[in-house]
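Note that these values count all heavy atoms, side chains included, but never hydrogens, waters or copies made by symmetry. Quick caveat, the model's predicted, so the values are computed rather than measured. Letters go in sequence order (proteins before strands), and every chain restarts at 1.
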Number of protein chains: 2
Amino acid sequence: MDLSKMVRKNLADIKPYVPGKPIEEVERELGIKNVIKMAANENPLGPSPKSVSAIQDLAAKAQIYPDGNCYYLKDALSQHWEVSPNQLMVGNGSDELLKLIAETFLLPGDEVVIGQPSFSEYIFAAKLMDAECIFVPLKDFTHDLSAMAEKITDKTKLLFVCNPNNPTGTVVTKQEVDDLMEKVPDNVMVIFDEAYYEYVQNQEYPKTLDYVKQGRKNVIILRTFSKVYGLAGLRIGYGIAHPEVISWIKRTMEPFNVNNFAQAAALAGIKDQNHVRESVQLNEAGKKQIYRGLEERGLSYVPTEANFIFIKVGVSSKELFPAMLQRGVIVRSGDIFGNEDYIRLTVGTEEQNKRFFDALDDSLAGLKIK
Amino acid sequence: MDLSKMVRKNLADIKPYVPGKPIEEVERELGIKNVIKMAANENPLGPSPKSVSAIQDLAAKAQIYPDGNCYYLKDALSQHWEVSPNQLMVGNGSDELLKLIAETFLLPGDEVVIGQPSFSEYIFAAKLMDAECIFVPLKDFTHDLSAMAEKITDKTKLLFVCNPNNPTGTVVTKQEVDDLMEKVPDNVMVIFDEAYYEYVQNQEYPKTLDYVKQGRKNVIILRTFSKVYGLAGLRIGYGIAHPEVISWIKRTMEPFNVNNFAQAAALAGIKDQNHVRESVQLNEAGKKQIYRGLEERGLSYVPTEANFIFIKVGVSSKELFPAMLQRGVIVRSGDIFGNEDYIRLTVGTEEQNKRFFDALDDSLAGLKIK
């Protein structure tokens, strides 16, 4: 039996995700210890202590199915953002919500407008539904919203704006988004992926929630508890949109998609805004420390509005990555984003940032500068 | 903007899942306390103490992304079942795996053969991909595999065997499955959903793993940690199949679909087979207690191979459900399965089973017997 004849043909175009080994395995194989990962944009402070307690309190009740409606979390989020619970959806990470959005709207041959480079899951979601990705290169490492608007055709269903953009850390402004929304037809859904929302310092960052509050139906905002809330390991993200949009997307959702522990930890996290502030402060201090270190070394970088920095390392990241790993520091190699001489570095604690520079100096000394 | 024109047409045929309120809310509204849920087939012993420790140990590291490959869990499962890790896939509950299977194989108009009544998620998965459900009524509350085989046409892609069947608790035998597998063409995928596998006592229960070990490509076995392992709240299930089947299905999977806590708790659980044995023993004792109680009351039931019992209550379950709820016991109403005068009862502890009978006696006394 040739399975390729039995499966949906478009899957052939999706590469199966090949994950790296767990850090513990890498350490064992390389014979090193205390490897630090500055590659996944995880909050180095971890989750709120209130989230930690919520998880521990639930542990002995793990047999209970989660609340399929995320009742208490939606209640808290609806108060926090001043929206109705029926304007909210919660997913197994915002990754899942991206997939559900694709499943809701995309037919084979539909077009999806995506900045390049941006978050890879938009491509996955589009390909899963056999839609076509229309890529629009970034301009100065930033989404080029006018160019994206020009790519809209009769076939366009979705347009993704990753803001701040992963992997570059840049934002588009309120003015740029207002201009975009004037041009976008009603039957094109604009998805603002704001996973790094809480880290943004730029005063011109748009309040996309206003579009939803004004009743626009072609806007979806995605947020997450994976970043500043420190809950990536539990998988929980949420979306805000018009109730009708939410209602359609929910039809594609499994009944118990968000685990109980994620719900409880997120609920505790949203009620601990002090932890959010501390995390953002640490990130700001880390950004300054890293900017300074890079400038001292004559390396350029893209100023960031998130908790990671896109750095021009001047050597092939394919060579730098293993050199850094040998020295116990995992960074994100830029070649996978099409920027081979860049890396994406998660902002760490003061100590982690120092270890990054030590490993970088050591590694670069051993590699030929281009 | 009329969203119904923008979404995939087949979604109109999927009812959005409308979950009940959390127990705490129900208690508050009814002004009662200590409501027990005997409706979701949760293990009344809870998870293994080893799973509880694993969860608690991870709590402060919730910011770390999960291992996208479930490396350690697959390693343990591959030893436990004597299969290769590439014959395994892990999902956000086996619910997710059902969806991924549908996304891998189903095109609009394809047919899916399903017993009726059986687990509702098969219908959801089929409808999501715009496939057609071909329902085959149970015979004596049991999957009628010959009748199902007869329903296979050129359009058939998937055939689901829920074994033990939810909601009736019955199993099909090795002989029946062998006969089925002889008739099924190579290009029809047979999915054995064995969520209640560990509870089965029947000696004729088939070892479907043998089909996978023999190299058959048209078999997928689904198991879960939600039932006997007591981890429903964390969402984790797994599948066993030919490596090529796994490889295709993985293309439809998000990179971090299974949270870290579920992986760690499942890994600890699989290593605590004593807890599994204790849980099964408690279930056996509970089954006897409930059978006896039902017989004393002259109520008939379907003997079960799982941790729930399908009981003919002789009144409308639509009326019995709220009466039981008022008395603090939540059961599963049979009308949603098309058996209006039945309920599905999860086997509880001795104390819970007593509370069930007290609430039942009280409720039935207040309802008119048909």
Side-chain angles (χ1 to χ4, degrees), chain A residues 1 3 6-8 11 14 16-17 19 21-22 25 40 42-43 46-47 51-52 55-56 59-69 71 92-93 95-96 99 103-105 107 128 186-187 217-218 230-235 244-245 247-248 250-256 259-262 265, chain B residues 1 3 6-8 11 14 16-17 19 21-22 25 40 42-43 46-47 51-52 55-56 59-69 71 92-93 95-96 99 103-105 107 128 186-187 217-218 230-235 244-245 247-248 250-252 254-257 259-262 265:
Chain A
M1 178 60 209
L3 278 171
M6 202 174 152
V7 301
R8 289 167 64 228
L11 298 187
I14 300 178
Y17 177 74
K21 289 178 182 170
E25 287 302 299
E42 294 155 347
N43 182 347
S51 296
V52 175
I55 294 165
Q56 291 177 328
K61 294 174 214 153
Q63 81 277 17
I64 312 284
Y65 271 86
D67 168 20
N69 195 32
Y71 182 91
N92 184 41
D95 279 5
E96 187 197 23
K99 191 180 187 185
E103 288 170 347
T104 302
F105 294 104
L107 288 169
L128 178 70
D186 281 349
N187 59 353
K217 288 190 189 174
N218 65 335
L231 298 175
L234 277 170
R235 317 306 299 123
E244 282 182 41
V245 174
S247 169
W248 280 106
K250 277 174 78 176
R251 289 171 195 245
T252 67
M253 198 179 264
E254 299 143 33
F256 303 106
N259 74 80
N260 228 358
F261 292 71
Chain B
M1 178 60 210
L3 278 171
M6 202 173 152
V7 301
R8 291 167 62 228
L11 298 187
I14 300 178
Y17 176 74
K21 289 180 182 170
E25 287 302 301
E42 296 154 347
N43 183 345
S51 296
V52 175
I55 294 165
Q56 290 176 329
K61 295 175 212 150
Q63 82 277 16
I64 313 283
Y65 271 87
D67 169 19
N69 195 32
Y71 183 90
N92 184 43
D95 278 5
E96 187 196 26
K99 191 180 187 184
E103 288 170 346
T104 302
F105 294 104
L107 287 169
L128 179 70
D186 282 350
N187 59 354
K217 288 190 189 174
N218 64 336
L231 297 175
L234 276 171
R235 315 306 299 125
E244 283 182 40
V245 175
S247 169
W248 280 107
K250 277 174 77 175
R251 288 171 196 245
T252 66
E254 300 144 35
F256 304 106
N257 62 324
N259 75 80
N260 229 358
F261 292 72

Trainee: In terms of heavy-atom pairs under 4.5 Å with chain B, which of A/Ala262, A/Gly93, A/Ala232, A/Ser247 leads?
Mentor: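 Of the options given, most contacts go to A/Ala232.
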Trainee: Are any of the side-chain heavy atoms of A/Asn260 and B/Leu234 separated by less than 4.5 Å?
Mentor: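 Sidechains of B/Leu234 and A/Asn260: no contact.
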Trainee: Given heavy-atom pairs under 4.5 angstrom as the criterion, report whether the side chain, backbone, both or neither of B/Leu128 touches chain A.
Mentor: side chain
Trainee: Between B/Phe256 and A/Arg235, is a side chain to side chain contact (heavy atoms under 4.5 Å, CB included) present by the stated rule, with each step listed?
Mentor: CA-CA 8 Å; B/Phe256 304 106; A/Arg235 317 306 299 123; 3.5 Å; yes
Trainee: Is there a side chain to side chain contact (heavy atoms under 4.5 Å, CB included) between A/Trp248 and B/Met6 once you walk through the steps?
Mentor: CA-CA 10 Å; A/Trp248 280 106; B/Met6 202 173 152; over 6 Å; no
Trainee: Minimum heavy-atom separation for B/Ile55 and A/Ala59, please, with both atom names.
Mentor: CG2-CB, 3.8 Å
Trainee: With heavy-atom distances below 4.5 Å as the criterion, would you say the side chains of B/Glu25 and A/Tyr71 are in contact?
Mentor: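 When only atoms from C-beta onward are counted, A/Tyr71 and B/Glu25 do touch, with a gap below 4.5 Å.
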Trainee: Does A/Leu3 offer a backbone N or O that forms a donor-acceptor pair with the side chain of B/Lys217 under 3.5 Å?
Mentor: no
Trainee: Over all heavy atoms of both residues, which pair between A/Pro22 and B/Asp67 is shortest? Give the atoms and the distance, please.
Mentor: CG-OD2, 3.6 Å
Trainee: Between B/Leu11, B/Val7, B/Ile14, which is the residue that forms a side chain to side chain contact (heavy atoms under 4.5 Å, CB included) with A/Thr252?
Mentor: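 Looking at B/Leu11, B/Val7, B/Ile14, the match for A/Thr252 under the side chain to side chain contact (heavy atoms under 4.5 Å, CB included) is B/Leu11.
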Trainee: Side-chain contact test, heavy atoms from C-beta onward, threshold under 4.5 Å: evaluate it for A/Asn218 versus B/Met1 and give yes or no.
Mentor: no
Trainee: Is any side-chain heavy atom of A/Lys99 closer than 4.5 Å to one of B/Glu103?
Mentor: yes
Trainee: Please determine, among A/Asn187, A/Val245, A/Leu107, the option with the most heavy-atom pairs under 4.5 Å with chain B.
Mentor: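 Max contact count across the listed options: A/Asn187.
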Trainee: Would the distance check show the side chain of A/Asp95 and the main-chain N or O of B/Asn257 forming a donor-acceptor pair, the cut-off being under 3.5 Å?
Mentor: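 Here the side-chain-to-backbone pair does not exist.
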Trainee: Is it true that B/Glu42 and A/Lys61 make a salt bridge, defined as a side-chain N closer than 4.0 Å to a carboxylate O?
Mentor: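 Salt bridge: no.
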Trainee: Should B/Leu231 and A/Gln63 be marked as a side chain to side chain contact (heavy atoms under 4.5 Å, CB included) after you check the CA-CA gap, both sets of side-chain angles, and the distance that decides it?
Mentor: CA-CA 5 Å; B/Leu231 297 175; A/Gln63 81 277 17; over 6 Å; no
Trainee: Which atoms form the tightest heavy-atom contact between B/Pro47 and A/Ala62, and what is the distance?
Mentor: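 That closest heavy-atom pairing would be CG-CB, 3.9 Å.
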Trainee: Quick one: of B/Ser51, B/Ala40, B/Gly230, who has the most non-hydrogen atom pairs under 4.5 Å with chain A?
Mentor: B/Gly230
